[in-house]
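Just so we're on the same page: letters track the sequence lines, and every chain starts at 1. Given the structure is predicted, the values throughout are model-derived calculations rather than measurements.
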2 protein chains.
Amino acid sequence: MLEASAFLRAEKKRLTPQRSLLLGIIRQHGHLDADEIYRLARRENPRLSLSTVYRTLNLLKELGLVEELHLGEEHHHYEAKAEEHHHLVCLSCGKVIECRLTEDLRELGRRHGFTMVSAQVELAGYCADCRKQGENDP
Amino acid sequence: MLEASAFLRAEKKRLTPQRSLLLGIIRQHGHLDADEIYRLARRENPRLSLSTVYRTLNLLKELGLVEELHLGEEHHHYEAKAEEHHHLVCLSCGKVIECRLTEDLRELGRRHGFTMVSAQVELAGYCADCRKQGENDP
DNA sequence: CCTCTAATTGCAAATGGTTCGCAATAGCGT
DNA sequence: ACGCTATTGCGAACCATTTGCAATTAGAGG
Ligand SMILES: [Mn+2]
Ligand SMILES: [Mn+2]
Ligand SMILES: [Zn+2]
Ligand SMILES: [Zn+2]
């Protein structure tokens with residue numbers, strides 16, 4: 001069920017039911033935090049522990065299968081790693097728009113003599129829908 | 001010593017020695033975290049408490065005098081608010097290049113139908129100096 | 001399949017950053 | 001100077017995350 005098994009075997013790691021469950025959940029949702037992942041996973045496996053969630057998250061990060069997002073909040077969010085992309089967060093409805101700004105950002109760095117390798121970017125503002133719908137906080 | 005007193009009076013807040021000490025420290029250093037601020041401040045006032053540091057940091061944020069940075073680490077960093085700017089962090093020497101990308105970023109948002117209000121941006125990569133100095137991690 | 005062993009789990013307790021309750025202290029308008 | 005109220009220092013509480021440890025289990029080898 002998981003090509004992840006290749007990644008795991010390559011490092012003497014084991015493919016446990018907990019790990020496939022968690023990776024599955026992360027892959028079918030976006031921007032989950034550890035606790036949301038935990039709650040979703042427990043519906044399948046009520047004995048799962050929160051430590052296992054965190055340990056698995058760290059493992060999947062190391063394997064490059066999952067990415068940790070530092071959105072403005074005090075805790076982290078996670079998503080399955082796909083193409084690099086960035087986040088535009090609507091201050092009114094909370095929607096998170098994903099878009100790929102990599103090349104544009106690299107160019108901005110270049111203008112300052114900087115060779116960008118990766119970018120952590122979060123724009124806060126208003127989405128088109130909310131902008132239409134009347135005067136929100138300016 | 002502080003035009004901050006105007007901001008404070010305007011909200012029934014008091015100008016205490018702790019507050020001026022802390023603001024002074026934040027103003028003469030860049031990117032300090034709470035604990036670094038605490039240690040520096042204690043050299044002047046050894047009885048200062050860490051709670052006061054955090055409370056003051058929150059107050060100064062509200063007053064718009066200090067900005068909280070969410071750099072990759074697990075704790076926050078703070079700096080005196082000046083013009084909005086962004087950070088390019090060198091993976092080799094750790095240097096933080098500051099530059100103003102606001103208008104460029106706003107334009108990137110606009111292309112996705114988004115009205116940007118503020119941006120949290122951190123590019124990771126290599127500064128000009130380190131790039132010259134030989135092959136570091138690609 | 002069965003065995004063996006190292007990797008993994010669940011649980012509880014420890015962390016590290018940040019916040020809170022409270023009684024004592026001290027700004028500041030009068 | 002006085003008094004009211006904001007602020008402080010202290011300890012304990014909090015929340016996200018990590019860790020120690022004994023019990024469980026994946027999966028390599030027979
Ligand atoms: Mn969240
Ligand atoms: Mn730091
Ligand atoms: Zn919106
Ligand atoms: Zn450098």
(request) For B:Leu22 and D:dG9, give me the distance from atom CG to atom C1', rounded to whole Å. (result) 14 Å
(message) Is it the case that D:dT5 (base atoms only) and B:Arg14 (side chain only) share a donor and an acceptor within less than 3.5 Å, ignoring hydrogens and angles?
(response) yes
(request) Please tell me if the side chains of A:Leu23 and A:Arg27 come closer than 4.5 Å, counting only heavy atoms from C-beta onward. (result) yes
(request) Could you please name the option among D:dA16, D:dA26, D:dT8 that lies closest to any side-chain atom of A:His75? (result) D:dA16
(request) Under 4.0 Å between any heavy atoms, over every strand shown, what does A:Asn58 touch: base, sugar-phosphate, or nothing? Just pick one. (result) sugar-phosphate
(request) Take the C1' atoms of the five end pairs on each side of the helix from C:dT19-D:dA12 to C:dT30-D:dA1, get both axes, and report the angle to 10 degrees. (result) 40°
(message) Apply side chain to side chain donor-acceptor pair (under 3.5 Å) to residues B:Gln18 and B:Thr52 and explain how you reach the verdict.
(response) CA-CA 8 Å; B:Gln18 289 91 332; B:Thr52 297; 5.7 Å; no
(request) Report the distance from atom CG of A:Leu32 to atom P of D:dA16, rounded to the nearest whole Å. (result) 15 Å
(message) What's B:Leu50 touching, base or sugar-phosphate or nothing? Going by heavy atoms closer than 4.0 Å.
(response) base
(request) Check whether any side-chain N or O of A:Arg19 sits under 4.0 Å from OP1 or OP2 of C:dT9, and answer yes or no. (result) yes
(request) Tell whether B:Thr16 reaches the base of C:dA26 with its side chain through a donor-acceptor pair below 3.5 angstrom. (result) no
(request) Report yes if the side chains of B:Val66 and B:Glu68 come closer than 4.5 Å at any heavy-atom pair, otherwise no. (result) no
(request) Whole angstrom is fine here: how far is it from CD in B:Glu36 over to P in C:dT18? (result) 11 Å
(message) Please determine whether a side-chain nitrogen or oxygen atom of B:Tyr54 lies at a distance below 4.0 Å from atom OP1 or OP2 of C:dT19.
(response) no
(request) Please report the shortest heavy-atom distance between A:His86 and A:Leu101, naming the atom on each side. (result) ND1-N, 3.1 Å
(request) Report the nucleotide, chosen from C:dT19, D:dT17, C:dC11, that has the shortest atom-to-atom distance to any side-chain atom of A:Arg55. (result) C:dC11
(message) Of the options D:dC10, C:dG17, D:dT7, whose atoms approach the side-chain atoms of B:Lys13 most closely?
(response) D:dT7
(message) Return whichever of B:Ser51 or B:Leu8 has its heavy-atom-nearest nucleotide of DNA chain D closer to the 5' end.
(response) B:Leu8
(message) Keeping A:Gln120 on the side-chain end and A:His70 on the backbone end, is there a donor-acceptor pair under 3.5 Å?
(response) yes
(request) Compare all side-chain heavy atoms of A:Cys127 with those of A:Leu88 and state whether any distance is below 4.5 angstrom. (result) no
(request) May I ask you to decide whether A:Glu36 forms a salt bridge with A:Arg39, counting only side-chain N to carboxylate O separations under 4.0 Å? (result) no
(message) Looking at A:Phe7, I want to see if its CZ is surrounded by more than 12 non-hydrogen atoms of other residues, nucleotides or ligands under 6.0 Å.
(response) no
(request) Using whole Å, report how far CD of A:Glu73 lies from C1' of D:dT17. (result) 16 Å
(message) What is the distance, to the nearest angstrom, from the CG atom on B:Leu21 to the P atom on D:dG9?
(response) 10 Å
(request) Please tell me which of A:Ala34 and B:Arg42 maps to the more 5' nucleotide of DNA chain D, matching each residue to the nucleotide holding its nearest heavy atom. (result) B:Arg42
(message) Would you say B:His76 places a side-chain N or O within less than 4.0 Å of OP1 or OP2 belonging to C:dT18?
(response) yes
(request) Please give the angle, rounded to 10 degrees, between the axes at the start and the end of the helix from C:dC1-D:dG30 to C:dG17-D:dC14, where five pairs define each axis. (result) 30°
(message) It should be established whether B:Gln18 places a side-chain nitrogen or oxygen under 4.0 Å from OP1 or OP2 of nucleotide C:dA26.
(response) no
(request) Mind listing the residues from residues 60-69 of chain B sitting with a heavy atom below 4.0 Å of DNA chain C? Number order is fine. (result) none
(message) Looking only at the side chain of B:Ser49 (C-beta and beyond, no hydrogens), which of the listed nucleotides D:dC10, C:dT8, C:dG10 gets closest?
(response) D:dC10
(request) Could you state the atom-to-atom distance from CG of A:Asp35 to P of D:dC14 in whole Å? (result) 17 Å
(message) Tell me if the CZ atom of A:Arg9 is crowded by more than 12 foreign heavy atoms within 6.0 Å.
(response) no
(message) Quick one about A:Glu74 and B:His76 (side-chain donor to acceptor, distance below 3.5 Å, no hydrogens or angles considered), yes or no?
(response) yes
(message) Is it true that A:His31 and A:Glu98 share a donor-acceptor pair across their side chains at a distance under 3.5 Å?
(response) yes
(message) Using only atom types and a distance under 3.5 Å, with no angle test, would you say the side chain of B:Arg19 pairs donor to acceptor with the backbone of B:Thr56?
(response) no
(message) If you count every heavy atom of other residues, nucleotides or ligands that lies below 6.0 Å from B:Arg111 atom CZ, does the total exceed 12?
(response) yes
(message) How many whole angstroms separate atom CD of B:Glu11 from atom C1' of C:dG27?
(response) 17 Å
(request) Check the distance between D:dC10's P and B:Leu48's CG and give it to me in whole angstrom. (result) 9 Å
(message) Which is more 5' along DNA chain C, the nucleotide nearest A:Lys12 or the one nearest B:Tyr78? Just name the residue.
(response) A:Lys12
(message) Less than 4.0 angstrom between a side-chain N/O of B:Arg47 and OP1 or OP2 of D:dT8, yes or no?
(response) no
